[in-house]
Amino acid sequence: MNAAAAHSPTRLVTLFCVSEAASMAGFALVPSLLPQLSEQWSLSATEAGWLGGIFFLGYILAVPLLVGWTDRIDARRIYLAGAALSGAALAGFASFADSLAAAMFWWWLAGLGLAGTYMPGLKALTDRLPVAVQARGTAFYTATFGVGAGLSYLWIELLRGLLPWPALFAAAAGGTALSLALVWRGVSPGQRPAPVAVAHRRWRSVLRDRRILAFCGGYFGHNWELFGFRGWLVAYLTWTHASSAHPWTSMPGLIAALATFLAVPASILGNEGAQRWGRSRWLNGVMPLSCALALVVAFSSGQSSRLLVPLVLVYALSMNLDSAALTAGLLTETAPEIRGTALALYSSIGFAGGFFGPVAFGVALDAFGRASDAGWAAGFVTLACGVAFGRWAIGKIGTMPATASHQ
């Protein structure tokens with residue numbers, strides 16, 4: 001694809017979505033291989049939770065700086081650097097991860113790479129889209145996160161029995177190289193953003209905006225639930241299969257991929273629902289639904305897989321009905337001159353939830369018994385707590401003036 005073609009909104013959205021999916025080829029490596037790595041390195045559930053969560057700790061340490069820079073330099077440049085770092089981190093994991101400490105370092109570095117691609121990619125996309133299609137373009141881009149994650153679970157499930165795990169990490173590094181090439185060749189450099197207020201003034205404006213803070217709290221709760229679920233789903237299904245073998249749990253990565261793919265229609269439909277019925281009303285409705293389903297799954301542990309797996313998939317769909325609605329709400333209700341800084345705060349706080357979710361699940365699992373129904377039930381209760389917090393935060397929007405985000 002030539003650079004000129006990328007100026008078409010449809011082709012531009014398509015290119016960024018394909019690039020995003022390619023950059024996430026390694027996203028599910030640790031969650032998919034967690035049972036194997038836990039056994040190889042004799043990890044407790046808490047240690048396994050830290051390994052899963054450290055990816056997002058790397059993300060939140062880098063994202064305020066990297067996304068904040070997109071108010072001053074072309075986000076395309078940051079995206080290219082982030083893709084290169086992701087590839088190096090995955091290759092490093094393949095070559096040098098021989099213990100928990102080494103694995104945590106390289107997986108943390110991969111999280112830094114994601115900080116340079118996900119939200120900077122969204123900023124690079126929206127900077128090049130007409131205002132009229134920015135919300136819909138955002139919905140497709142954020143939904144593609146689920147596509148990339150689902151494809152990652154799928155190809156790992158299909159190949160992990162054929163290749164040693166270091167080879168899987170090396171193969172995923174090739175996906176990041178493809179992502180880098182697509183954006184480098186297919187997206188022309190943009191103009192330097194117009195001069196804006198100095199950084200401390202932008203941050204002061206963002207931190208004073210209670211509407212932005214409410215969206216950040218909602219995203220924290222969403223990611224706490226989402227990544228706690230994704231981080232432990234394969235391990236949960238593996239335990240379920242060991243307890244009561246069933247064809248539906250014989251390939252846990254396949255179920256995890258399907259659960260992740262459901263994020264795509266759920267996220268897009270969620271944004272459409274928010275536009276039709278009102279963002280606050282929509283979010284205040286779907287987040288309690290997800291919380292309730294988390295509790296239903298929690299107290300269904302140990303039940304027949306024939307009933308449990310469909311329930312898990314319905315729950316996976318419900319937890320994504322708020323995703324694009326949250327992100328599109330932040331973007332469209334924030335003044336353009338501070339949008340990059342707002343995205344930096346939103347992404348940093350949100351993915352702090354992505355770090356907290358897997359760790360909290362692991363702690364609950366250790367506390368109540370990794371080999372018991374009670375342990376896994378406690379893990380799912382932590383997910384319900386996450387989305388409940390998000391619902392509490394987003395509920396504050398209804399008490400604010402409609403113009404709060406443009407003060």
Side-chain angles (χ1 to χ4, degrees), residues 1-25 27 66-67 70-71 73-80 82-83 86 114-152 175-191 193 219 260-276 279 320-334 336 339-340 342-343 346-347 350:
M1 180 184 293
N2 58 44
H7 290 289
S8 160
T10 300
R11 293 195 178 190
L12 189 64
V13 170
T14 301
L15 185 145
F16 270 100
C17 287
V18 171
S19 299
E20 181 189 2
S23 73
M24 294 180 63
F27 181 81
L66 297 179
V67 181
T70 65
D71 281 331
I73 63 177
D74 183 9
R76 172 184 176 272
R77 294 169 58 187
I78 298 172
Y79 184 97
L80 296 175
S86 291
L114 180 66
T117 56
Y118 182 45
M119 284 297 175
L122 176 58
K123 183 65 161 52
L125 172 62
T126 55
D127 282 348
R128 290 163 171 80
L129 288 177
V131 174
V133 297
Q134 284 181 358
R136 189 158 281 122
T138 297
F140 276 96
Y141 182 87
T142 55
T144 302
F145 193 99
V147 175
L151 288 173
S152 183
T176 63
L178 174 61
S179 173
L180 190 154
L182 286 171
V183 173
W184 180 48
R185 296 287 296 173
V187 180
S188 57
Q191 295 181 347
Y219 197 45
T260 307
F261 283 135
L262 288 172
V264 180
S267 188
I268 293 172
L269 290 173
N271 185 63
E272 296 297 321
Q275 290 185 325
R276 179 171 181 177
R279 198 168 306 278
N320 289 283
L321 290 171
D322 57 358
S323 178
L326 285 165
T327 306
L330 179 89
L331 280 169
T332 58
E333 298 181 27
T334 301
R339 193 172 288 160
L343 269 176
Y346 175 80
S347 195

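Start at 1 with the first residue, then count along the sequence.
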Please output the side-chain donor-acceptor pairs of residues 322-330 that fall under 3.5 Å, not counting sequence neighbours, one pair per line with the distance.
| residue | atom | partner | partner atom | Å |
| --- | --- | --- | --- | --- |
| D322 | OD1 | H222 | ND1 | 2.8 |
| T327 | OG1 | S323 | O | 3.4 |
| T327 | OG1 | Y346 | OH | 2.9 |

For L178 and A22 the tightest heavy-atom approach is CD2-CB, 4.1 Å

Closer than 3.5 angstrom, by distance alone: can the side chain of R76 be matched with the main-chain N or O of V187 as a donor-acceptor pair? yes

Give the minimum heavy-atom separation between G137 and V13, together with the two atoms involved. CA-CG2, 4.2 Å

Can you name the closest pair of heavy atoms from L114 and S86 and give their distance? N-OG, 3.7 Å

Looking only at heavy atoms, the pair that brings L125 and F16 closest together is CD1-CD1, 3.9 Å

Where the side chain of T138 meets the backbone of Q134, is there a donor-acceptor pair that is under 3.5 Å apart? yes

Looking at L331, is its backbone amide N or carbonyl O close enough to the side chain of T334 to form a donor-acceptor pair, meaning the two atoms are under 3.5 Å apart? no

Distance check, rounded to the nearest 0.5 Å: L182 atom CG versus C17 atom SG? 12.0 Å

Check: R128 and D74 side chains under 4.5 Å, non-hydrogen atoms: yes

Between the CG atom in L262 and the CG atom in N320, the distance rounded to the nearest 0.5 Å is 8.0 Å

Residue F261 excluded, over 12 heavy atoms near CZ under 6.0 Å: yes

Measuring from L343:CG to L66:CG, what's the distance to the nearest 0.5 Å? 13.0 Å

How are the rings of F145 and F27 set to each other: parallel, tilted or perpendicular (split at 30° and 60°)? perpendicular

Step-by-step side-chain hydrogen bond (donor to acceptor under 3.5 Å, both in side chains) determination, S179 to Y79: CA-CA 9 Å; S179 173; Y79 184 97; 2.7 Å; yes

Got a donor-acceptor contact below 3.5 angstrom from the Y118 side chain to the E20 backbone? no

Taking T126 for its side chain and K123 for its backbone only, find out whether a donor-acceptor pair lies under 3.5 Å. yes

Smallest separation among heavy atoms of A25 and G175, with atom names: CB-CA, 4.2 Å

First locate atom OG of S19, then atom OH of Y141, and finally report the distance between them rounded to the nearest 0.5 Å. 8.5 Å

Nearest 0.5 Å, what's the CG-CZ distance between D127 and R339? 8.0 Å

In terms of heavy-atom contacts, G146 and T260 come closest through O-CG2, 3.2 Å

Taking atom CG of N271 and atom CZ of R136, what is their separation to the nearest 0.5 Å? 7.5 Å

